[in-house]
Amino acid sequence: MNNRLYKYYPEDFGELKVDVLHMDLTFDIYDDRTNVKSILRVRTKDEPIEKLELNCRDLEIRAVSCFQSEVSYRYRKDDAILEISFRDLIPPNTEIAVITDTVCRPTKNILEGLYYDETPAGAPPQQITQCQQWGFQRIVPCIDDMTAKCTYRTTIIADSRYTNLITNGDVAVERHTVKPGRDKIVYDNSVTPMATYLFFLGVGTYAAFKREFEYPDGSTFMLELLVPPDSDARAAEKALDILHDCVMWVYVFTGPEQYDEDRLAIRQLMWDLVRRREKLKIEAKPRPGQGEDELGGDGQVGKGEGKGERAGEGQGQGQGKRAGEGEGEGEGQELRKIRDELARLDRNITPGYRYTGTVYREIGMQNSDFGGMENVGNTTITTNRIMPFPQITDPAFEYMIRVKVHEYYHNQNGSEVTGRSPFEIWLNEAVTVHIEEQYHAFLFGEDYQRLQRVLDLLAPASGTFALDSGAASMPIIPDGFNDPNDLITSVTYVKSPEYVRMVESLTGKDTFVRGLDRYFKKFQHSNASTQDWIEAMEEESGVALKEISETWLRQTKFPVVEVSAEYDKLTGKFTFFLKQHFPAGGKPWEFPFRAALVDESGKDIVEVLERVSGETAEILIENVGMPSFLSLNRGYSFYGKLVYRASQEELLMQVRKDSDIVGRFTAFYTFVDREKLRLLRVPGSAPSEDFIELYYRLLNDRQLLERAGGQFLTIFESVEDEEFAHHYQALYDVKQKLLKAVAGKYRSSLISAYNFFENASAPRDGSLEETARVIKSRQAKNICLGVLATLDAPDIHALIKQQFETATCATDRLSAFAAYLNSSAPDKIEVLRAWEAESKKNLIAWEAFLSVIGSNSSVDAVELVREMERSDAFRIEQTNDQRALYGSFARNRKKSLETEEGRALFAEVLRKLAPVNEYTTVNLLNAFANIDQMEIKYHTPLVKILADLLAELDPQKYPSVYNRIRKLLLGAPAAVEAYGIVHGKIPALQT
């Protein structure tokens, strides 16, 4: 049988036989089908061709022809190939035009190509596309390759009731009626040649909101937001504010000279002046309800029923037009002065990316495998995260900020410069995430942002280290894949940006951004490989990066570095000794190692940054005094784990005094890890006074929590020791025991701290910076609530219920509901029913509600999950529902893996979900990544779930799920052997 673990390997992606030049497309869209006519213009290379193979998946072929030659064709459905044979040999360097007439049919659950999204009441079916990576071949025969970058002219004909008919580019022919009930519009996308995966088509009913974006030099384009009808105008306005700020930040604060200290003050002044300018512009406009030409630009405040120009389809004002032209004497003197000053300052900096289109649009998509997707001028963002709805939680709000700047920056990194194949998806994403994190740090602070990333790394169920060390692990550039969606993981979005960050550390920030600029200029409007990026960085920096990159990009897992130290009092020499562990058969990683010697007051004696290579290394520091503690892997300088056997006294001192926030947290993490391990090894033992006192002091360290937020006090349900690392219920119990000890001793003080943070979380204004401060305070408040909740006492129940009933934000309500659900409060089921009924009325609240249900720790957790999936509000084809309920349940491994009823439910979920959505199913399967490390009693029942599913699945229909299961089982040899003794060998694993 075929034992390939992957469907696609690098050798499957060679040079194209033709250059793709242009596509003329006409989409005639109906409720149940779309007729597509395409003229594909290509040019042969140095060799003649006798046939052309076009990617073509699940299409109905009506006609195929060519202007230059008679053709015959064969549709190889199993290969998803339309094979076109030319009667006459097409000579080298010859342009030809292939014409196809086909039909595509949208579905509700195949979320690529053209599919149905959430349709507003009374509207024609909402239809949008998702083309990453191979969705384009589901709507038209094409060369669906990342190197097939070309220009497009696209005509859309659809139901006149749609408020918006959208695709890439600028409007070439305005929307007009062609016959009763049918409208037509034509777009031209010729400025930026576009890879097929960036194509977007959408017909839908939206509320449209617009805002002019004005560069410091006065040129403009239009920002536009398309969201569900009757969306709140204030929330939409705030969403456009956030989008405006991130676009301006990219221009002002990125680019090849962004770290030039001499110009940093100029950039900050420009930022402040832009905010003042925008405030004056907004104040000069009528507010909602005062005039007809409101946020939508055409009388469409929240309605999507415009007059004149259709919302979402206007051409905008165009680059180069001076904002405010025609205002004459009505233009305020202050506004004129600000504009003049901005134009002058703009000439003194080298800015970052500048948008090239006339409209930049964000479109809400309710059902998608992805949180966002760049589509050259038409970014789709999951509707529940596109604007600050009243029901949005703080983590969702932060995600909204991140996804907006992320997808916008893809216009440069991904769209203008595109990877060569899916094996370069990491390259499109890693640098983009690197910029996204800079913007997040700009608003929330470097300490908060970096600590948040460290928590992402360390989280036990969903963290990157957990994924990267289990049986599902794959390198940044994998050996192969079954579907491009397999590459959309935290390895791509967390590990690969950490690799980029290490390159930045080794080259220096100044050099790094100049290297990026070199790369963008060299490969603008073309494709680049991993090697191209590395070479550009090497050329600019003079730093050798090929070898270090080869290991990081192609080797799974991460270094575990043991550190010891020695100090010679006579000579004043201090030496670090490093020994790294790496996979058997692999090789040592190279990485930047940042460390400091720190005195008893918390002041750095000396800090070093060294490039480490080889299995062992020594770092010598001369002429220094004896340190009180060591601050290691500062800022998480390398992606990996560090083992240093510090004393309890050293750890306590570091937690309290290290100036490096990551150093403080990792010391806290280590201290708590030791405490949890002691409690696990000695059942019945009590938490130490050292722990109780430390946690209480940290909770009252206002300065710390202002910098890092309540997230600093995170205690994971995990330990580093492999003996207990996958005892999920025991780890949960130990965490609760620790927090209950704190609550038992400091009950009154915790209530006081709760009240303090409640007052501190009241916003003083509506700025993003103030929102960031409030989020940090709210985290601390809900940490207090969570600690108090472990007491499970009537007065605490009352406090939790009061927060639930009086909460003015979704995060407070959600935190209280989760605590109440896990309590013994006698009315908790009544509270659950009431919030369930309320949540069903709003998709954002419903998603949050399902997440709490899936992750709850109560005795009836599994039955509650079953009950919710039976609800008439739960729709298995909706990815938000899948991720919220099934995803949180899968990660709730003490229930989903360690209980009999949980395993039965998990098996049912996987069986039902695999035919509906492979991508979500594969993510759920990651819960099985450490079967061999679990207790032996779980081996056979867990393997049986996977083996039974493997026997039922068609590997051709569901290659990602099928091969992920095989990979997980191959990574659990001990458990598979135990299963085999009882049930026999698994056929799919036999050669």
Any ion pair linking [Y] and [X] (charged N to carboxylate O, less than 4.0 Å)?
{"X": "R234", "Y": "E237", "result": "yes"}
{"X": "K210", "Y": "E362", "result": "no"}
{"X": "K281", "Y": "E278", "result": "yes"}
{"X": "D456", "Y": "R453", "result": "yes"}
{"X": "K894", "Y": "D733", "result": "no"}
{"X": "E863", "Y": "R870", "result": "yes"}
{"X": "E224", "Y": "R211", "result": "no"}
{"X": "R833", "Y": "E830", "result": "no"}
{"X": "E498", "Y": "R450", "result": "yes"}
{"X": "E407", "Y": "R402", "result": "no"}
{"X": "E706", "Y": "R702", "result": "no"}

Do the two ring centres, one from [X] and one from [Y], sit under 6.0 Å apart?
{"X": "F849", "Y": "F817", "value": "yes"}
{"X": "Y886", "Y": "F874", "value": "yes"}
{"X": "Y409", "Y": "W249", "value": "no"}

Exercise for the section: Run through Y251, Y360, F209, F213 and flag the one making a ring pair (Phe, Tyr, Trp, His ring centres under 6.0 Å) with H244. Expected result: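 Of all the options given, the one that passes is F213.
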Is the backbone of [Y] close enough, under 3.5 Å, to the side chain of [X] for a donor and an acceptor to pair up by distance?
{"X": "D117", "Y": "Q366", "value": "yes"}
{"X": "R893", "Y": "Y728", "value": "no"}
{"X": "N367", "Y": "T879", "value": "yes"}

Scan side-chain atoms only and decide if [X] and [Y] contain a donor-acceptor pair under the 3.5 Å cut-off.
{"X": "Y408", "Y": "E436", "result": "no"}
{"X": "Q452", "Y": "E398", "result": "yes"}
{"X": "S767", "Y": "D765", "result": "yes"}
{"X": "D827", "Y": "H797", "result": "no"}
{"X": "H406", "Y": "E429", "result": "yes"}

Problem - Positive for side chain to side chain donor-acceptor pair (under 3.5 Å) with N880, one of Q878, Q882, R883 - result: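 Single pass found, and it is R883.
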Practice task
Just do the side chain to side chain contact (heavy atoms under 4.5 Å, CB included) check on N842 and Q391 with the steps written out, would you?
Solution key: CA-CA 8 Å; N842 180 276; Q391 299 83 5; 3.5 Å; yes
Is any side-chain heavy atom of [X] less than 4.5 Å from a side-chain heavy atom of [Y]?
{"X": "D701", "Y": "R664", "value": "yes"}
{"X": "E867", "Y": "I853", "value": "no"}
{"X": "E212", "Y": "L223", "value": "no"}
{"X": "I715", "Y": "L739", "value": "yes"}

Practice task
Applying side chain to side chain contact (heavy atoms under 4.5 Å, CB included), run through M373 and T379 and close with a yes or a no.
Solution key: CA-CA 6 Å; M373 176 63 202; T379 284; over 6 Å; no
Problem - Heavy atoms of other groups near R697 CZ, more than 12 under 6.0 Å - result: no
Handout entry: Heavy atoms of other groups near K740 NZ, more than 12 under 6.0 Å
Key = no
Exercise for the section: For a salt bridge (charged side-chain N to carboxylate O under 4.0 Å, His left out) with D394, tell me which candidate from K776, R778, K781, R813 qualifies. Expected result: R778
Handout entry: Pi-cation contact, Y820 with K828 (under 6.0 Å, within 45°)
Key =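 Because its charged atom misses either the 6.0 Å distance or the 45° angle limit, K828 does not stack over Y820.
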